[in-house]
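Since the structure comes first, as C-alpha cells, the remarks are kept for the end.
Both ligands and their constituent atoms are indexed starting at 1 by order of listing.
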Amino acid sequence: MKQIVLVALFAVMMSGCQTRPQDDLFESLGGMTGIENIVDDFLVRLGSDPRISNHFVDADPQRLREKLVEQFCAESGGGCEYTGDSMKDSHAGMGITRTDFNALVEDLVAAMEAQNVSVSAQNRLLKKLAPMNRDIVE
Ligand code: HEM
C-alpha cells in the first residue's frame, strides 16, 4: 500500500514537472503559414537590398522560396524534409563575403520582426542557420 501511495505521489510530482516540447520553434515561428509569410517577406527584402540584391538577379524565386520554406520548417522541428542542394553546392562560386552574409541575416531578422516573431524565437532560428556560414562564405 505504501508503495502504491509513493508511486502515485511520484506520478503527481512528475506531471507537475512536465515541460514544453524541447523544440517548439516551429510553432513559435507561426507554423507552416508563419514560415511561408517570413520567407515571402524575406525574399522581397533580399531583392530590394542594395547590399546584396545583385546576387539574386538570376536566381529562380519559386525554387528559392520552396527550398527556404522546407529548410526553415526542417530546422525548426516542423518535420519537413529539406530537398534542396547542400549549402556548399548552392552557394559555390558566388563569392559571398561575411558582410553579405550579415546583410542577409539582417534582412531575415527584419522579416521575422515584421511577422511578429518573438526575439527568442528569432535567435533560436538564427542559431541554427549561423553555422552554415562555413559552407556559404568564401
Ligand atoms: C544562413 C544563410 C543562408 C541560408 C540558410 C541560405 C539558404 C539557401 C537555400 C535553401 C537555397 C536554395 C538551394 C537550392 O536551390 O537547392 C539558397 C540558394 C541561394 N542563395 Fe542562399 N542561403 C544563405 C545565405 C546566402 C547569402 C549570404 C547569399 C548572397 C548574398 C545567398 C544567395 C543565394 C542565391 C543567389 C541562391 C540561389 C541560387 C540559384 O537559384 O541558382 N545565400 N540559399
Under 3.5 Å: donor-acceptor pair, side chain of D49, backbone of L46: no

Verify same cluster id: I52, L126 (apolar side-chain graph, 4.5 Å): yes

Side chains of N123 and S120, donor plus acceptor under 3.5 Å: no

Atom 38 (C) of ligand 1: nearest protein contact (heavy atom, Å): M94 CE, 3.8 Å

Protein residue, atom and distance nearest to atom 17 (C) of ligand 1, heavy-atom basis: L64 CD1, 3.4 Å

Heavy-atom proximity to atom 39 (C) of ligand 1, best of S86, A59, A103, G95: A59

Which of the ligand 1 atoms, numbered from 1, are nearer than 4.0 Å to a heavy atom of G84: 16 (O)

Atom of H91 nearest atom 21 (Fe) of ligand 1 (restricted to N/O/S, atom name only): NE2

Donor-acceptor pair between K128 and S76 side chains, under 3.5 angstrom: no

Single-linkage hydrophobic cluster, 4.5 Å side-chain cutoff, V105 and F56 together: yes

E27 backbone acceptor or donor facing D24 side chain under 3.5 Å: no

More than 12 heavy atoms of other groups within 6.0 Å of R51 CZ: yes

Check: Q115 side chain, I38 main-chain N or O, donor-acceptor pair, under 3.5 Å: no

Ligand-residue contact atoms, ligand 1 with S90, heavy atoms, under 4.0 Å: 13 (C)

Nearest protein heavy atom with distance in Å, relative to atom 15 (O) of ligand 1: R63 NE, 2.7 Å

For D60, atoms of ligand 1 separated by under 4.0 Å from a heavy atom: 40 (O)

Proximity winner for atom 9 (C) of ligand 1, if only heavy atoms of M87, M132, E70 are counted: M87

Under 3.5 Å: donor-acceptor pair, side chain of E70, backbone of T83: yes

Ligand-residue contact atoms, ligand 1 with I52, heavy atoms, under 4.0 Å: 30 (C)

Closest approach of any protein heavy atom to atom 3 (C) of ligand 1, naming residue and atom: I136 CD1, 3.5 Å

Polar atom proximity, D85 to ligand 1 (N or O, under 3.5 Å): yes

Protein contact of atom 2 (C) of ligand 1 - nearest heavy atom, named by residue and atom, plus distance: F101 CE1, 3.4 Å

Separation between CD of Q71 and CE of M87, rounded to the nearest 0.5 Å: 4.5 Å

Atom 30 (C) of ligand 1: the protein heavy-atom neighbour that sits closest, reported with distance to 0.1 Å: H55 CD2, 3.5 Å

Heavy atom of the protein closest to atom 28 (C) of ligand 1 (residue, atom name, distance): I96 CD1, 3.4 Å

N/O donor-acceptor pair under 3.5 Å between E138 side chain and M94 backbone: yes

Minimum-distance protein heavy atom relative to atom 5 (C) of ligand 1: Q71 OE1, 3.3 Å

Protein heavy atom under 4.0 Å of atom 41 (O) of ligand 1: no

